Amino acid sequence: MDSAVVSLLSAFVLSLIGLFVFMWSMRKGLFVENPKAAGTIFAPGEVGKADDPSLTPGGEARLQQAIDETQDKGRELMQAEDPQELEDRIAADRSTSFPAFMFIGFAVMWLVVGSLAGLTASLKLHWPDWLVGEAWETFGRMRTYHLTAVLYGWITNCELGIIVWLLPRLMRTPLRGPLFVMMGGALINVGIASAIGGFGAGWTAGMEYLEIPWQIGIFLVAGFICIIIPVISTVVHRKAHEIYVSAWYHVGSLLWIALLFTVAKFPGAHYGVEQATMNWWYGHNVLGLWFTPAALGAIYYFLPKVIGRRVSSYNLSILGFWTLAFFYAQVGGHHLVGGPVPEWLITLSIVQSMMMIVPVAAFSVNMAGTMWGRMKLALYSPTLRFMMFGGFMYMLSSVQGSFEALRSVNRVAHFTHFTVAHAHLGAYGFVTMVLFGAVYFMLPRILRWEWPFPKLISWHFWLAAIGILIYFGPLTYGGWLQGLAMLDESKPFMDSVTLTIPYLYWRSIGGSMMVASHLIFAFHVLVMVLRFGPNRTGAALFNHEPRKLEVAHGK
């Protein structure tokens, strides 16, 4: 029997088994809503109350008024609250403040470095003679600086900061072994800096997303191990009876990235076609099993916290986590359509890519239900604005990615700027925008200081949001035209290159706006750390009494 038929039949049988398991769980009541689990992130008095540390007192009042106008009193009374949540949260924050700040500080630094390198690489696509005097200035090396600094420097550091800060809150216990966590962060960032220096000298492993040589990758693996052990210990010694969905996403993502990177960089294990298969197994999984679950876990925490309302369906959020874990592992094979790899592997990848619609739908329906009738709250809350934009881009990029895996679409889109636009929609439009929102919420709690210039947050959002849309739209269209031109045997290859030039200009315009937003963000973080700007601490958010570090919701 044809291997493709076997793989399709296997996927169909697995789907039937999953259907019967779902029916059994329904009969057993396993999908009955669990308001207690959904309410573990709230202390008494927090339900129905606004919580966005990036706001001024007036902005907080306007957000609260908007929440009051949309609140369903009957539903909110069902919310289970934890009387010890606030005390445990404050104790957890004390233990994580410096490790979390260290990760965020490194993340912001690498964001500036990586985005400047990315803009330089973008400009070189239509100004090919610019910066060609030295080898380290060439496009190939500049793009590698960009990828490593952004994916490992910015996203990885920021997500580690969120996990380290948020998980002890969810577990209701101080972080175990913060010094080990900080040592792990130091090892990871030494590895990133060493890798970028090596790229400049021409030392690279030569595989996309895996350019870091294994000799330097040892630092990253050691760093992840130093972080995982205290994180697992914190979970084991938790006081929380219910494990909130964000913890599932964050612990899972941390274990996955350590395993993925170790397998991918194991020296001497991968050669030839198998190496290409492994490359895209890792390349897609680092997005779907590291960047994505960590960002989704952040949304599931920060979005309900800001609006003071539990998620619409807690069990739907758990379903989204497990289907992501089950369906994502073999998605990367569709990047090898037409390559010298087994056809059944490609077919399996396409089937799993389409099945990814399930966890995306679970998340999208859940968020839509949570925000139903409350969409206007994004007008008042910067954190919520970033989270909602990122959540919508997750749905859009995931659905686009599923259909991009189909052979008919892949035939046109592969090896074009279409895939570049898609990658940025996921890594920037979704993940990075969520991370921005999380930092705006976290940093005032970590530093016990308010954002000095709230208007800069709005400037940051609109420059970043408009920039990624300008980047994505024209580049997607131009990439599709590029693919059609390459398939046209009557046209020389250079025609497919020439027609992309106008769209590459739009790419640089969008990229310039994104870089401008990053510089504003980095400046704002710096002046906050240095305590510059208007002195707005005190009555607006914080009280000097330790037990009232959080917003006094009950007043």
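Nothing here was measured: the structure is a model prediction, and the numbers come from that model.
Atom CZ of Arg407 is surrounded by more than 12 heavy atoms from other residues, nucleotides or ligands within 6.0 Å.
The shortest distance between side-chain heavy atoms of Leu487 and Arg411 falls below 4.5 Å. In this structure the side chain of Met486 reaches within 4.5 angstrom of the side chain of Phe493, judged on heavy atoms. Put simply, the side chain of Leu319 reaches to within 4.5 Å of the side chain of Leu316, judged on heavy atoms. Leu303 has its side chain within reach of Met371: a pair of non-hydrogen atoms, C-beta onward, lies under 4.5 Å apart. For the pair Ile188/Ile227, a side-chain contact is recorded, criterion being any heavy-atom separation below 4.5 Å from C-beta on. Side-chain contact check for Leu475 versus Leu504: some heavy-atom pair is nearer than 4.5 Å. A heavy-atom distance below 4.5 Å is not found between the side chains of Tyr328 and Thr323.
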Tell me, with the steps shown, if Thr138 and Val132 meet side chain to side chain contact (heavy atoms under 4.5 Å, CB included).
CA-CA 6 Å; Thr138 57; Val132 293; 6.0 Å; no
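Judged by distance alone, with hydrogens and angles left aside, the side-chain atoms of Thr416 form no donor-acceptor pair with the main-chain N or O of Gln482 at under 3.5 Å. Panel note: side chain Asn366, backbone Ser313; a donor-acceptor pair is recorded below 3.5 Å. In terms of modelled atom types and a separation under 3.5 Å, the side chain of His146 and the main chain of Ala117 share no donor-acceptor contact. With Ser122 contributing its side chain and Leu119 its backbone, the two residues share no donor-acceptor pair below 3.5 Å. Looking only at distances, a side-chain donor or acceptor of Lys124 sits under 3.5 Å from a matching main-chain atom of Trp130. Put simply, the side chain of Thr144 gets close to the backbone of Gly140: a donor and an acceptor are under 3.5 Å apart. Between the side chain of Tyr244 and the backbone N or O of Tyr300 there is at least one donor-acceptor pair closer than 3.5 Å. A donor-acceptor pair under 3.5 Å is absent between the side-chain atoms of Tyr394 and the main chain of Phe363, judged by distance alone.
The list of side chain to side chain donor-acceptor pair (under 3.5 Å) pairs with a residue in residues 248-262, not counting sequence neighbours, is empty. Applying the side chain to side chain donor-acceptor pair (under 3.5 Å) test to every pair with at least one member in residues 187-205, sequence neighbours left out, gives these pairs: Trp110-Asn189, Asn157-Asn189. Note on residues 495-515: pairs passing ring pair (Phe, Tyr, Trp, His ring centres under 6.0 Å), not counting sequence neighbours, are His126-Tyr505, Tyr477-Tyr503. Judged as a side chain to side chain donor-acceptor pair (under 3.5 Å), the pairs with a partner in residues 395-404 (not counting sequence neighbours) are, in order, Gln400-His422. Screening residues 271-281 for side chain to side chain donor-acceptor pair (under 3.5 Å) gives His270-Glu274 as the qualifying pairs, with residues at least two apart or on separate chains.
Between Leu289 and Leu324 the shortest heavy-atom distance is CD2-O, 4.2 Å. Counting all heavy atoms, side chain and backbone alike, Ala247 lies closest to Met171 at CB-CE, 3.7 Å. Across Ser312 and Thr370, no two heavy atoms sit closer than the pair N-OG1, 2.8 Å. Ser349 and Val331 make their closest contact through OG-O, 2.5 Å (heavy atoms, listed as atom of the first residue, atom of the second, distance). Phe327 and Val358 get closest at one heavy-atom pair: CE1-CB, 4.0 Å. The minimum heavy-atom distance linking Phe472 with Ala421 is given by the pair CD1-O, 3.4 Å.
Residues Tyr471 and His424 place their aromatic rings such that the two centres sit under 6.0 Å apart.
The distance from atom CE of Met183 to atom CD1 of Ile225, rounded to the nearest 0.5 Å, is 10.5 Å. We find the CD1-CG distance between Ile192 and Leu151 to be 10.0 Å, quoted to the nearest 0.5 Å.
Taking His334 as the reference, His284 meet the ring pair (Phe, Tyr, Trp, His ring centres under 6.0 Å) condition, with sequence neighbours excluded. For the side-chain hydrogen bond (donor to acceptor under 3.5 Å, both in side chains) test, residues two or more places apart in sequence or in another chain that qualify with Thr156 are Trp290. Residues satisfying the side-chain hydrogen bond (donor to acceptor under 3.5 Å, both in side chains) criterion with Tyr301, sequence neighbours excluded, are Arg169. Ser490 is linked by a side-chain hydrogen bond (donor to acceptor under 3.5 Å, both in side chains) to Asp488, counting only residues two or more places apart in sequence or in another chain. Scored by the side-chain hydrogen bond (donor to acceptor under 3.5 Å, both in side chains) test, Thr383 finds Asp52 as partners (sequence neighbours excluded).
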N/O donor-acceptor pairs under 3.5 Å from side chains in residues 427-439, not counting sequence neighbours:
unit_1	atom_1	unit_2	atom_2	d
Tyr428	OH	His518	NE2	2.8
Thr432	OG1	Trp154	NE1	3.2
Thr432	OG1	Ala427	O	2.9

Enumerate, atom names and distances included, each donor-acceptor pair closer than 3.5 Å involving a side-chain atom of residues 206-217, sequence neighbours excluded.
unit_1	atom_1	unit_2	atom_2	d
Glu208	OE2	Arg143	NH2	3.0
Glu211	OE1	Tyr209	N	3.1
Glu211	OE2	Tyr209	N	3.3

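Ion pairing between Glu134 and Arg141 fails under the 4.0 Å rule for side-chain N and carboxylate O.
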